[in-house]
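Per chain, numbering begins at 1; letters A, B, ... match sequence-line order.
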Protein chains: 2
Amino acid sequence: MELTERKKKVLRSVVDLYIRTAEPVGSKAITELPDMNYSSATIRNEMAELTAMGYLEQPHTSAGRVPSAVGYRLYVDELMAEYRLSIDETKSINSAIEEKMNKVDKMVEKVARLVSQATDLPAISVASRCGGVTIRRFDLILAGVGSIIVVLMLSSDEVVNKLIRLPVQMDESDLKILSALLNATMTDLDISAFDGNLLERVMRSAGAGASLVPVIMEFAVDTLQKQCGTNMAVAGQMRILGLPEYRDVDKAQKLITSLDEESLAGLPAVLNNVNGTQVLVGPENVSRELKDTSVVMTKFDIGDGMQGMIGVVGPTRMDYAKVTARLSYFAESLSKMFAKPEQPQIAEGTSGKEE
Amino acid sequence: MELTERKKKVLRSVVDLYIRTAEPVGSKAITELPDMNYSSATIRNEMAELTAMGYLEQPHTSAGRVPSAVGYRLYVDELMAEYRLSIDETKSINSAIEEKMNKVDKMVEKVARLVSQATDLPAISVASRCGGVTIRRFDLILAGVGSIIVVLMLSSDEVVNKLIRLPVQMDESDLKILSALLNATMTDLDISAFDGNLLERVMRSAGAGASLVPVIMEFAVDTLQKQCGTNMAVAGQMRILGLPEYRDVDKAQKLITSLDEESLAGLPAVLNNVNGTQVLVGPENVSRELKDTSVVMTKFDIGDGMQGMIGVVGPTRMDYAKVTARLSYFAESLSKMFAKPEQPQIAEGTSGKEE
DNA sequence: CTTAGCACTCAGGGGTGCTGAGTGCTAAAA
DNA sequence: TTTTAGCACTCAGCACCCCTGAGTGCTAAG
């Protein structure tokens with residue numbers, strides 16, 4: 001059987017209506033659409049064939065039709081009308097993004113929240129960077145009674161610090177020597193270079209501060225490791241409670257728990273395969289738990305070799321056009337924001353006390 | 001009418017059973033309890049009187065009884081058996097707490113999550129400190145091409161830093177002079193002392209670095225302000241979905257949103273009135289939205305003049321004994337942890353880039 | 001003061017029947 | 001050949017009703 005233009009038109013109408021109403025769509029509803037100059041009988045015939053071809057499904061004999069996963073696939077790939085963001089929408093997205101975002105982890109959280117808000121669906125945001133970051137510079141500051149602050153400046157322009165209690169007595173000049181040594185031997189190295197070998201070499205030349213070297217090195221490795229890791233945040237899980245398909249609490253609960261960060265641990269791995277905006281319909285999905293939902297995700301760039309991803313999870317019947325439009329716009333704006341030639345640049349950070 | 005011992009016993013049984021089953025409790029169910037050597041008729045009489053006295057309520061004529069808010073009040077104040085934490089429970093709480101918690105905001109989040117997990121209810125965690133923190137020390141570090149890192153060490157032992165691009169050329173000795181000046185004039189001052197007056201005075205003596213002073217001072221004020229603020233986190237909102245009273249999605253959603261947003265902004269203010277563990281039953285509650293739930297909260301100490309609070313929100317029918325036990329234990333452990341004479345102390349922090 | 005007994009109430013579950021939206025098929029119209 | 005009108009059929013959802021059983025209050029006897 002062939003997929004004629006008219007069949008496509010009907011299919012599209014069914015999906016559109018179903019997205020709007022979340023109810024099976026009957027032939028009559030279709031005929032009432034503008035631009036649909038056929039009788040309900042004709043539509044019925046077409047729908048019967050679309051059902052036979054697997055694009056539509058029928059919950060029970062005397063109900064209307066519901067798009068199948070295959071139907072959705074076709075819809076997002078070919079039929080969906082482009083959704084144009086209104087000025088209000090772009091404005092609200094922009095103002096949301098423009099709030100300052102200091103640290104990567106905070107940023108990820110905030111983005112997730114923003115995306116969720118913009119789409120009214122649960123959202124996921126991931127940022128990951130692997131390798132490439134090095135320590136550009138060490139500074140040691142004497143901090144009163146027997147402790148020092150180690151300040152690391154990273155190639156990514158982030159600055160981290162740590163307070164270390166001194167195991168031995170040291171004075172300002174000792175510190176100067178030690179920091180010169182560190183800057184000479186341990187800067188601009190990839191994380192893999194920090195091994196026992198390096199430690200030994202540095203300690204041999206360290207003199208008075210030798211006992212500090214392992215602690216500092218551990219801190220350095222820790223920091224680089226953290227840089228390398230993946231940050232992920234989920235927000236707005238409870239938004240699904242507003243959707244008719246999740247009136248059933250059990251269903252909602254199942255989905256919500258499967259959206260928890262731990263169960264999405266596998267997601268960052270998918271990141272590499274994504275390009276542009278991608279839609280995963282129902283069973284095509286990443287994880288089994290999500291198999292009767294759809295996921296829309298987009299990648300964006302964060303400079304410094306970092307990559308980000310934002311995505312939303314929703315019912316298969318979500319408004320793909322709108323969601324993809326918002327998501328793409330969001331991703332674009334974020335990319336732009338990170339690419340922006342840095343303003344009078346100022347970085348800021350806090351540190352607690354305690355290990 | 002008098003509240004005899006037997007009436008109390010009956011009331012207690014009703015509450016206990018209702019906590020377990022979430023269903024109205026009938027006279028027969030009570031007689032079946034061990035230690036209840038009366039017939040159902042007697043119990044019925046007692047229950048009728050308890051109802052008349054306002055401790056119990058009857059959803060409809062032919063249903064069992066449900067505790068009223070007053071009844072719950074009496075229960076938590078007098079009748080409730082103490083719940084003893086099992087070794088497993090204390091162990092899991094301890095191990096949860098012992099994970100390191102670096103920064104205050106992260107800490108607050110983590111605590112909320114832990115409490116929620118321990119009680120299987122939505123949890124709130126607040127940490128607030130007002131005043132008292134000062135800057136103990138300034139350090140300026142030259143950071144390559146025309147920028148410096150300002151490092152503030154606070155009286156609370158926290159260390160914060162910020163990268164500032166230099167508006168003018170400065171060398172190491174300029175910085176030394178400036179930092180000496182800052183340390184001489186701006187340390188150990190309460191936040192209120194940072195006014196235009198001080199700024200002017202410092203700038204007059206600053207020489208080469210004068211143009212930096214406003215930026216640094218702004219950063220200092222910002223930092224102190226942040227120290228002074230309140231951190232709050234909510235976690236586990238969706239746990240209510242597991243409770244029979246929230247099978248109704250609309251109800252659940254209402255509660256969740258009233259927990260979610262900073263609709264709880266007023267809560268920190270309550271903190272001062274709390275002492276020890278406190279139970280708010282139904283209509284006694286803080287905010288109108290929570291009026292048919294109960295809140296249990298406990299205060300704890302974080303040293304440095306900081307105060308913390310943890311609390312959970314749940315149905316009026318929650319297991320007060322268990323929840324208060326867990327919460328108190330949690331609070332105690334936290335207090336202990338923060339009071340602990342600092343180990344080989346090491347503090348750590350990160351900083352982003354960007355303002 | 002306690003308890004057995006009895007009449008009464010009423011929420012909730014299970015059947016029954018109706019309604020209306022939707023279908024497929026057929027035969028007539030275009 | 002394609003479209004449409006008409007008709008018989010299906011079935012989820014709702015309203016209705018009845019019945020059951022858990023629970024009650026009251027009374028009178030122990």
Side-chain angles (χ1 to χ4, degrees), chain A residues 1-11 13-18 20-33 35-68 71 244-245 247-248, chain B residues 1-11 13-18 20-33 35-68 71 244-245 247-248:
Chain A
M1 215 174 317
E2 209 193 341
L3 193 62
T4 63
E5 270 316 305
R6 194 172 66 184
K7 278 199 181 57
K8 285 187 188 171
K9 196 168 168 190
V10 171
L11 176 54
S13 308
V14 171
V15 180
D16 280 338
L17 274 177
Y18 187 61
R20 276 230 308 280
T21 61
E23 302 269 307
V25 179
S27 52
K28 198 163 151 235
I30 302 268
T31 57
E32 278 158 6
L33 254 37
D35 223 30
M36 218 14 122
N37 303 314
Y38 298 100
S39 77
S40 66
T42 310
I43 302 299
R44 271 205 295 283
N45 289 331
E46 294 290 43
M47 280 164 69
E49 295 186 10
L50 282 168
T51 308
M53 292 161 82
Y55 293 111
L56 295 177
E57 277 165 5
Q58 206 168 10
H60 57 266
T61 359
S62 75
R65 301 305 210 287
V66 163
S68 71
E245 29 270 286
R247 305 289 322 174
D248 181 11
Chain B
M1 213 173 322
E2 209 194 340
L3 194 60
T4 62
E5 270 316 304
R6 193 172 69 184
K7 278 201 182 52
K8 284 188 188 171
K9 197 168 167 187
V10 172
L11 175 55
S13 307
V14 171
V15 180
D16 280 338
L17 273 177
Y18 186 62
R20 275 230 309 278
T21 62
E23 303 269 306
V25 179
S27 52
K28 201 167 147 229
I30 303 268
T31 57
E32 278 158 7
L33 253 38
D35 225 30
M36 225 2 129
N37 303 314
Y38 298 101
S39 77
S40 66
T42 309
I43 302 298
R44 267 204 299 282
N45 289 330
E46 294 289 45
M47 279 166 66
E49 295 186 10
L50 283 168
T51 308
M53 293 161 82
Y55 293 111
L56 295 178
E57 276 165 5
Q58 205 168 12
H60 56 265
T61 358
S62 77
R65 301 305 209 287
V66 164
S68 72
E245 28 269 286
R247 306 290 320 176
D248 181 10

Checking contacts here: which listed nucleotide ([options]) is nearest the side-chain heavy atoms of [X]?
X: A:Ser39; options: C:dC10, C:dT2, D:dA5; value: D:dA5
X: A:Tyr38; options: D:dC11, D:dT4, D:dG25; value: D:dT4
X: A:His60; options: C:dC10, D:dC11, D:dC7; value: D:dC11
X: A:Arg6; options: D:dT3, C:dT2, C:dG24; value: D:dT3

Tell me what [X] touches on the nucleic acid: a base, only sugar-phosphate, or nothing, going by heavy atoms under 4.0 Å.
X: B:Thr42; answer: base
X: B:Ala63; answer: sugar-phosphate
X: A:Ser27; answer: sugar-phosphate

Which whole-number value in Å describes the distance from [X] [atom1] to [N] [atom2]?
X: A:Gln58; N: C:dG22; atom1: CD; atom2: C1'; result: 9 Å
X: A:Glu46; N: C:dC25; atom1: CD; atom2: P; result: 15 Å
X: B:Arg44; N: C:dT3; atom1: CZ; atom2: C1'; result: 10 Å
X: B:Glu49; N: D:dC26; atom1: CD; atom2: P; result: 11 Å
X: B:Glu23; N: C:dC10; atom1: CD; atom2: P; result: 19 Å
X: A:Met36; N: D:dT3; atom1: CE; atom2: P; result: 13 Å
X: A:Met47; N: C:dA21; atom1: CE; atom2: C1'; result: 12 Å
X: A:Glu32; N: C:dA21; atom1: CD; atom2: P; result: 11 Å

Select from A:Ala41 and A:Pro24 the residue whose nearest nucleotide in DNA chain C is closer to the 5' end of that strand.
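Nearest nucleotide further toward 5': that of A:Pro24.
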Report the residue (B:Asn45 or B:Pro59) whose heavy-atom-nearest nucleotide on DNA chain C is the more 5′ of the two.
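Looking at DNA chain C, the more 5' nearest nucleotide goes with B:Asn45.
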Counting only heavy atoms not in A:Arg20 (residues, nucleotides, ligands), do more than 12 fall under 6.0 Å from its CZ?
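At most 12 heavy atoms, drawn from other residues, nucleotides or ligands, come within 6.0 Å of this atom.
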Has B:Glu5 got more than 12 heavy atoms of other residues, nucleotides or ligands less than 6.0 Å from its CD?
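No, CD of B:Glu5 has 12 or fewer neighbouring heavy atoms, counting only those of other groups under 6.0 Å.
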Distance to the ring centre below 6.0 angstrom and angle to the axis at most 45 degrees; does that hold for A:Arg65 and A:Tyr18?
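Pair A:Arg65/A:Tyr18 does not count as cation-pi.
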Should the pair B:Arg6 and B:Tyr38 be classed as cation-pi, given the thresholds of under 6.0 Å to the six-membered ring centre and 45° from the axis?
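The answer is yes, since B:Arg6 meets both limits relative to B:Tyr38.
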Check whether any side-chain N or O of A:Ser62 sits under 4.0 Å from OP1 or OP2 of D:dA12, and answer yes or no.
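The answer is no; no side-chain N or O of A:Ser62 sits under 4.0 Å from OP1 or OP2.
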Can you measure from OG (A:Ser27) to CE (A:Met36) and round to the nearest 0.5 angstrom?
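Going from the OG atom of A:Ser27 to the CE atom of A:Met36 covers 11.5 Å.
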